[in-house]
Structures are given as C-alpha cells and as structure tokens.
A.B. asks: 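What follows is a single structure, and I will ask about it in a moment.
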Amino acid sequence: MAEGMAMARAGSLVSKLDSKICYHRDAALEYMEIKAVVGEVIEEKEMLQQDYHALKGELEAAKKTIVEVNKELAAGNEETSLSKKELELVKKKLQDWEAKQNLSEQQNCSASEHVQPSNSKGQKRSMRHQEVPSQGPLRIDADKPDLAEERPGSMLVNNPIVGQTSVVPPSTDDDMVALREHLIKQFLEIDKYGGRIIGIKEMGKLNVKAFEIACAEKFRTTKAADASSKLYSLWQQRITDVSWNPFHTVTVEGNHQEVLNVNDDKLQELKKEWGEGPYKAVIDALMEMKEYNCLGDRSTVYELWNYRADRKATLTECTEYMADRVQQLTVVKRRRSRRTI
C-alpha cells in the first residue's frame, strides 16, 4: 500500500516536471522570436535614422538651391525691367522722330503746291535728289567678314541709288542711324538659327533654296545636293567678281542710270539651263547690290528684315518684336521659378 502511494506521488511529480519543462521550452522559443523581432526593429530604426539624416542634407541643399534660384530670378527680373524701360524710351524716340518726319513731309508737300509750272522740271530733279535712304545699312566686305566689327561706326552710311547724288542726313537722323546700327548688331547675335519673324538678311547674297529646288527637279537623285552646292558656289563667286558687269548705262531725262542687262549671255545661259528660280535669285542679288550701292566692290550688306512680309523691317517693328521677346522670356522665367519652388 505504501509502495502504491509512493508510485502515485512519483508519477505526479514527473507529470508536473514535464509540464514545467514544456512551459520553459515554449517560453524560450517565444523569447528567441521576440529577440529576433527586436533586432529587426533596431536595424530598421538605424536605417530610418540614416535616411532621415540623408533627407535632411538634401533638404538643406534644396533650400540653398532655391535661395540661389530666387536671387537669379530677382536679377533677371531687374534686367528685364531695365530692358523694358530702354525699349519704351526707344519706342518713344521713334514715335517722336516719325512725327517730325511726317511734319517735314507735309511742309514739303505744302511748299511744292505753290511752285510755278515753269519750274516743274527743276522740282522733279530736286525731289529725285532727296529720294535717298535715310537709314544707312551696315555694310560688310565679301573678303573681310569681320570688318563690320572692327569699324562699326563707319559701316552705317546713306547709300544713294546708282546715278544719283548722295544727300547728307540731317542731324536729327543721327540717333536713328545709331539705333539701326545697334539693332543690327543685336539681331546678329540672336538670329543665328533663323526661323524668326524679324531677323537679319544679307543683301546681295544669293538665295540658296532656289538652287536646291532647281537641282532637285533636274536630278531627283542623291547627286542633287552636290550639284546644288557647286552651282550655288559658282554663281556666288561670279556675282562678287567685279570684272563681270551685267549692267549698262541709259539716259533718262538727262540723268545717267545703270540698269540690268537681262540679255547678258551668262544670265541667259543660266536661265536656259537651270530655269527661272536660279536666274531670278541672281538678278535679285545683283539688284540688291545696286540698291545699296555695292556694285563697285560687290560687298554684301546686313539689313533688318521682316520675313513674314518679305520686306525691309522698320525700326518700330524691330523694337516691338524685341519687346515681345522680352515679355515671353519673363513669362518663361516665372514658370520655371514656380516649378522649382
């Protein structure tokens, strides 16, 4: 009986011991799991701290960049405001000059109405004497393209039509001449890639497109580009050759004038072989040289040009165009500043 009780007590103890062993085993496993999770949390915390410090550095750099951009925008806005003021002054000066010119023309017309009929011939000669461009273009020599930069003041001259007498412009035109010279220089810097409404045209230079079209129509192969380049170079060299003079002198009312000889052998040969396009391009270039009094040295002339209207641009058009460009640039700068912020 005593042995049975001892055996039962021993069994109970063994059962309790097994139960505690299982409890401690589960606790140890749970501890290991918790320890692993805590390790992962610590690692993640360290990574977040590193990211925080990196983001903080980037934020500081971004703040510095924004400050620099704001300074540049402020400087740009200041320059833009100054440019606008200068353009407004130029426009006002142009308006005053045009008003003076209109008043002078009205006075001349009023005075001419009182001239006796017997002096009509002398009157026509006097008016023809005054029909001279009041705004001289910037001339450049064909062999010295940098000459315009070396002597900008001497390049702006009043060029009379061949056969007429030059008239010295009045002192009131000096500002307009200087303004035209300044605008030509400015447009030469911004008109490098073309495609603008107002730009620079080199008067007395051949239109290359006319030769490209003529060669493309004639060959319709890859040889067209090479043929166009050679033909264009040949005629560009030919029109700058002073030994070739396709002009002859005629007398009109006692005045000697030079007119283009459309029956010139070389011109007729060009027209017969390559068509109307290159022929007209050569004639236009020669007439431009004649208009700007460049036949003596066959130089070319920089001129402000309205490409949309295909004519010489007025000073008012040039200043208004530049004012519009300044306004567009101001809008672009403001948009960029908003995106940056």
Side-chain angles (χ1 to χ4, degrees), residues 23-95 138 145-146 148-150 152 178-202 302 304-308 313-341:
Y23 173 77
H24 285 294
R25 184 185 297 116
D26 292 340
L29 291 174
E30 188 174 355
Y31 167 76
M32 296 300 293
E33 291 177 356
I34 293 173
K35 185 178 180 181
V37 171
V38 170
E40 292 177 357
V41 171
I42 292 174
E43 290 180 0
E44 187 174 355
K45 180 182 178 181
E46 292 176 352
M47 292 177 63
L48 288 173
Q49 288 179 344
Q50 292 177 359
D51 293 340
Y52 168 76
H53 290 300
L55 289 173
K56 187 176 180 181
E58 292 178 0
L59 182 61
E60 293 295 331
K63 287 181 178 179
K64 292 180 180 179
T65 303
I66 291 173
V67 172
E68 293 176 356
V69 170
N70 288 333
K71 289 181 180 179
E72 292 179 358
L73 287 173
N77 291 334
E78 185 177 355
E79 292 178 359
T80 301
S81 62
L82 290 175
S83 299
K84 286 183 177 179
K85 291 179 181 178
E86 291 177 356
L87 287 171
E88 289 298 328
L89 290 174
V90 169
K91 288 174 68 175
K92 186 177 183 303
K93 188 179 292 186
L94 278 172
Q95 292 172 356
L138 181 65
D146 296 330
E149 298 181 359
E150 295 175 0
L179 174 60
R180 193 170 192 83
E181 176 186 9
H182 179 69
L183 285 174
I184 288 175
K185 290 181 179 178
Q186 294 300 317
F187 272 95
L188 281 172
E189 293 180 2
I190 66 176
D191 195 36
K192 295 179 180 178
Y193 303 103
R196 301 180 184 276
I197 299 174
I198 304 294
I200 295 294
K201 181 179 180 182
E202 199 168 344
Y302 285 138
L304 297 169
W305 197 257
N306 186 329
Y307 283 96
R308 175 176 290 177
T314 64
L315 295 179
T316 303
E317 289 174 338
C318 294
T319 53
E320 289 179 351
Y321 177 77
M322 295 191 75
D324 292 339
R325 294 293 296 172
V326 169
Q327 186 175 3
Q328 292 174 8
L329 290 174
T330 303
V331 173
V332 171
K333 285 183 178 180
R334 289 176 180 173
R335 290 177 179 174
R336 288 180 179 175
S337 64
R338 292 173 183 172
R339 292 175 183 175
T340 304
I341 296 173

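We're numbering straight along the sequence, starting at 1. Note that this is a predicted model, so its numbers are computed, not measured.
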A.B. asks: Would you give the length of the straight line joining atom CG of Asp324 to atom CG of Leu329, rounded to the nearest 0.5 angstrom?
C.D. replies: 11.0 Å

A.B. asks: Mind listing the closest non-hydrogen atom pair of Cys318 and Leu183 along with its distance?
C.D. replies: CB-CD1, 3.9 Å

A.B. asks: If you count the non-hydrogen atoms of other residues, nucleotides and ligands that lie under 6.0 Å from CD in Glu30, is the total more than 12?
C.D. replies: no

A.B. asks: Which heavy atom of Ile200 sits nearest to which heavy atom of Tyr307, and what is that distance?
C.D. replies: O-OH, 2.6 Å

A.B. asks: Is it true that Lys185 and Glu181 have a side-chain N and a carboxylate O under 4.0 angstrom from each other?
C.D. replies: yes

A.B. asks: Near Glu44 CD, under 6.0 Å, is it more than 12 heavy atoms from other residues, nucleotides or ligands?
C.D. replies: no

A.B. asks: Can you measure from CG (Leu315) to CD (Glu317) and round to the nearest 0.5 angstrom?
C.D. replies: 9.5 Å

A.B. asks: If you measure from NZ on Lys64 to CD1 on Ile66, what distance do you get to the nearest 0.5 Å?
C.D. replies: 13.0 Å

A.B. asks: Is the shortest heavy-atom distance from the side chain of Thr314 to the side chain of Asn306 under 4.5 Å?
C.D. replies: no

A.B. asks: For Asp26, does its backbone N or O pair with a side-chain atom of Tyr31 as donor and acceptor, under 3.5 Å?
C.D. replies: no

A.B. asks: Answer yes or no: is there a side-chain heavy-atom contact under 4.5 Å between Glu58 and Leu55?
C.D. replies: yes

A.B. asks: For a 4.5 angstrom cut-off between non-hydrogen side-chain atoms, does Ile198 reach Met322?
C.D. replies: no

A.B. asks: How many angstroms lie between atom CG of Leu48 and atom NE2 of His53, to the nearest 0.5 angstrom?
C.D. replies: 11.0 Å

